[in-house]
Chemist: 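Here it is: the structure, laid out below.
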Amino acid sequence: MPSSGRVHVIGAGPVGLVLTALLQPLEEFSVRLYEKRHQYTRTRMVRLAPYLVADSVESYQTDSIDGDSVGAVFDPAELDEGLTFRQSMPSDLTALLRDWTQGFCPLNSIERSISDLIDARGLGVERNAAVVSAEDATAMLEPGDILIDSTGSQSLLRDHLIPGQVDEGGNTLKIRLEYALVITFLYGQPYDCDEHCKYYKNIENPHYKFIPMVHRTHYDGSVSHVTGIVNITAEDYEAMPSRFDGEWLRSNFPEVAESMDRFIGKVKEETHGEVLGDLEVVRIPLDLYRARNATSRQWLTAGPRDHPFASSPVFLAGDSAVGSPYFQSISLGFECAMYLAGLLAQRDLPVRDMLDRYELHAYKQWLRVYMRSKMIKHNKDLFESLDDPLALLDKLHIY
Ligand SMILES: Cc1cc2nc3c(=O)[nH]c(=O)nc-3n(C[C@H](O)[C@H](O)[C@H](O)COP(=O)(O)OP(=O)(O)OC[C@H]3O[C@@H](n4cnc5c(N)ncnc54)[C@H](O)[C@@H]3O)c2cc1C
């Protein structure tokens with residue numbers, strides 16, 4: 001299939017932007033980026049995984065939870081290929097990634113920085129401020145165009161990648177791990193967390209233990225940013241608004257608030273600081289999911305030949321393709337974006353191979369994040385029963 005060189009990237013969240021920044025310098029492509037939002041307003045603090053800037057296979061695999069799984073899932077040649085691609089990435093983008101993997105930063109500052117980088121390069125990316133519908137996306141395609149859906153967890157095209165009538169969610173495998181509150185606060189002294197700290201600071205909390213993410217406590221020289229999660233029930237989840245503050249929590253869920261207060265009280269005893277401002281609370285379901293088809297491969301093999309998806313490859317990227325809890329998704333999305341950009345750059349690769357290879361890569365990334373998330377959830381469950389040996393034993397399935 002001859003390529004037209006036109007790449008349509010729908011959704012300029014972090015993953016769509018990174019893909020655009022990776023494809024922009026390639027002469028053979030002209031990128032059209034579509035985004036419905038006029039401003040980047042999501043201020044939540046996010047963390048990116050250090051493996052994104054790994055400079056060796058060993059450092060790529062360094063992870064206390066899933067280091068071994070990486071070696072089990074990926075072949076050595078795949079790991080080498082990923083590393084070679086990283087080393088060939090534009091230096092302006094690599095510099096940003098290096099910066100973000102140091103600590104953690106607001107999501108909208110990541111989005112703005114990549115967006116500004118794209119504009120500052122002055123290499124034509126056509127930007128379109130528009131809500132794109134699935135019909136628009138199909139109609140805009142000319143044979144040989146490439147379409148990338150990076151519209152996030154409510155993916156625009158996920159259900160359209162299978163020929164014929166597909167029920168909503170028919171192309172999605174979803175596993176709900178739990179419901180949680182993501183609670184963030186600022187603290188006026190350095191505060192570092194480790195596994196012991198998680199235990200001792202929760203020792204008087206029978207339920208609603210606040211579990212900070214070790215790498216999500218970050219002291220920026222004057223303030224510590226602390227983010228963690230509290231497990232809640234499905235009923236709690238239903239009774240809460242999607243985001244709220246400490247005052248709302250105290251009035252409506254005093255038991256959760258007391259648990260937070262006890263945790264923070266112990267932090268203060270040790271380091272004599274104060275919480276700055278209020279708590280920021282978001283309630284979310286922690287879902288693991290993947291698109292069973294992350295490309296238009298099925299249209300190529302089984303669809304009518306005259307449908308645009310049969311002559312223009314379609315890829316899902318970022319949360320459109322795979323979603324995971326516990327603060328891993330952007331890194332996973334960037335990882336798939338790098339792989340996809342590397343594939344597209346291989347102009348002599350037949351489309352069929354390109355689609356197959358991307359499917360396989362997305363599947364392997366899914367396996368990795370699935371194993372990692374299940375392990376985190378299992379560890380969390382054990383942690384929450386540490387003071388109750390019988391409940392703990394019930395959760396330990398050894399053989
Ligand atoms: C509380 C919380 C904390 C988190 N913390 C972390 C963390 O620490 N680390 C981490 O890795 N992840 C974290 N995440 C997850 C992370 O925010 C997402 O994985 C990430 O934003 C996904 O990026 P994306 O580009 O794939 O999709 P999105 O960020 O959802 O971007 C999709 C873009 O597409 C646009 N769009 C959608 N539909 C259309 C359309 N029809 N037409 C045009 N444009 C469209 C949207 O406006 C948006 O800009 C967190 C999530 C939550 C809720």
Side-chain angles (χ1 to χ4, degrees), residues 8-21 32-52 97 100-101 103-112 114-115 127-138 140 147-158 160 179-184 212-218 225-230 242-244 280-291 294 315-337 340 362 365 369 372-373:
H8 306 269
V9 179
I10 308 178
V15 175
L17 287 164
V18 155
L19 260 164
T20 303
R32 297 167 184 214
L33 180 60
Y34 304 78
E35 171 55 51
K36 66 179 180 186
R37 289 183 290 159
H38 297 291
Q39 277 182 331
Y40 290 118
T41 52
R42 296 182 292 184
T43 51
R44 65 174 174 259
M45 300 296 279
V46 298
R47 177 177 160 82
L48 301 189
Y51 68 69
L52 285 174
L97 283 175
W100 296 325
T101 49
F104 65 116
C105 58
L107 178 55
N108 64 349
S109 108
I110 294 182
E111 292 175 313
R112 277 192 206 127
I114 317 176
S115 182
R127 291 207 184 229
N128 297 280
V131 182
V132 180
S133 67
E135 293 70 35
D136 298 334
T138 316
M140 69 174 60
L147 178 57
I148 300 172
D149 171 0
S150 45
T151 53
S153 56
Q154 305 298 318
S155 167
L156 182 65
L157 298 174
R158 198 187 299 139
H160 296 265
Y179 293 95
L181 298 180
V182 178
I183 303 183
T184 303
M213 185 181 174
V214 170
H215 299 292
R216 304 247 343 193
T217 56
H218 172 65
H225 300 252
V226 184
T227 298
I229 57 182
V230 174
S242 57
R243 57 178 59 237
F244 49 93
E280 274 181 33
V281 192
V282 181
R283 65 113 166 89
I284 47 172
L286 297 185
D287 291 338
L288 260 173
Y289 64 84
R290 79 176 180 94
F315 301 88
L316 304 183
D319 278 14
S320 272
V322 181
S324 60
Y326 311 128
F327 316 117
Q328 313 170 79
S329 272
I330 304 179
S331 307
L332 186 68
F334 281 5
E335 188 72 1
C336 286
L340 180 54
Q365 291 291 355
V369 82
R372 194 173 197 279
S373 305

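Each ligand, and each atom within it, is numbered from 1 in the order the structure gives.
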Chemist: Would you say I330 has any N or O atom under 3.5 Å from an N or O of ligand 1, going by distance alone?
Modeler: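 Indeed, backbone or side chain, I330 has an N or O that close.
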Chemist: With heavy-atom distances below 4.0 Å as the criterion, list the atoms of ligand 1 near G152.
Modeler: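 By the 4.0 Å cutoff, the relevant atoms are 27 (O), 30 (O), 32 (C).
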Chemist: Using a strict 4.0 Å cut-off to heavy atoms of G318, name the atoms of ligand 1 that fall inside it.
Modeler: 26 (O)
Chemist: Check whether any heavy atom of A49 sits under 4.0 Å from an atom of ligand 1.
Modeler: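 Heavy atoms of A49 never come under 4.0 Å of ligand 1.
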Chemist: Give the single entry among E111, R42, R44 that approaches atom 2 (C) of ligand 1 most closely by any heavy atom.
Modeler: R44
Chemist: Quick one: do T227 and R47 satisfy side-chain contact (heavy atoms from CB on, under 4.5 Å)? Show the steps, please.
Modeler: CA-CA 10 Å; T227 298; R47 177 177 160 82; over 6 Å; no
Chemist: Nearest 0.5 angstrom please: N128 CG to H8 NE2, how far?
Modeler: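 Spacing of CG (N128) from NE2 (H8) equals 9.5 Å.
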Chemist: At a 4.0 Å threshold, what atoms of ligand 1 neighbour a non-hydrogen atom of V131?
Modeler: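 Contacts of ligand 1 toward V131, numbered from 1: 42 (N).
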Chemist: Yes or no: does Q154 have any heavy atom under 4.0 Å from an atom of ligand 1?
Modeler: no
Chemist: Evaluate the side-chain proximity of M45 to E280: yes if any heavy-atom separation is below 4.5 Å, no if none is.
Modeler: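 Side chain of E280 against side chain of M45, heavy atoms only: no contact under 4.5 Å found.
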Chemist: Below 3.5 Å, N or O to N or O, backbone or side chain included: is there any such pair between Y40 and ligand 1?
Modeler: no
Chemist: Counting heavy atoms only, name the option from S150, A321, S331 that's nearest to atom 32 (C) of ligand 1.
Modeler: S150
Chemist: List every atom of ligand 1 that sits less than 4.0 Å from any heavy atom of G11, numbering the atoms from 1 in the order shown and giving each element.
Modeler: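 In order of number, 33 (C), 34 (O), 35 (C).
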Chemist: Just jot down the salt bridge (Lys or Arg N to Asp or Glu O under 4.0 Å) partners of E335, sequence neighbours excluded, or say none.
Modeler: R86
Chemist: Examine the side chains of T20 and R127 and answer whether a donor and an acceptor come within less than 3.5 Å of each other.
Modeler: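 R127 and T20 do not have a side-chain donor-acceptor pair below 3.5 Å.
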Chemist: Side chains of S320 and S150: is there a donor and an acceptor less than 3.5 Å apart?
Modeler: no
Chemist: Of all the atoms in ligand 1, which lie at a distance below 4.0 Å from a heavy atom belonging to A130?
Modeler: 42 (N), 43 (C)
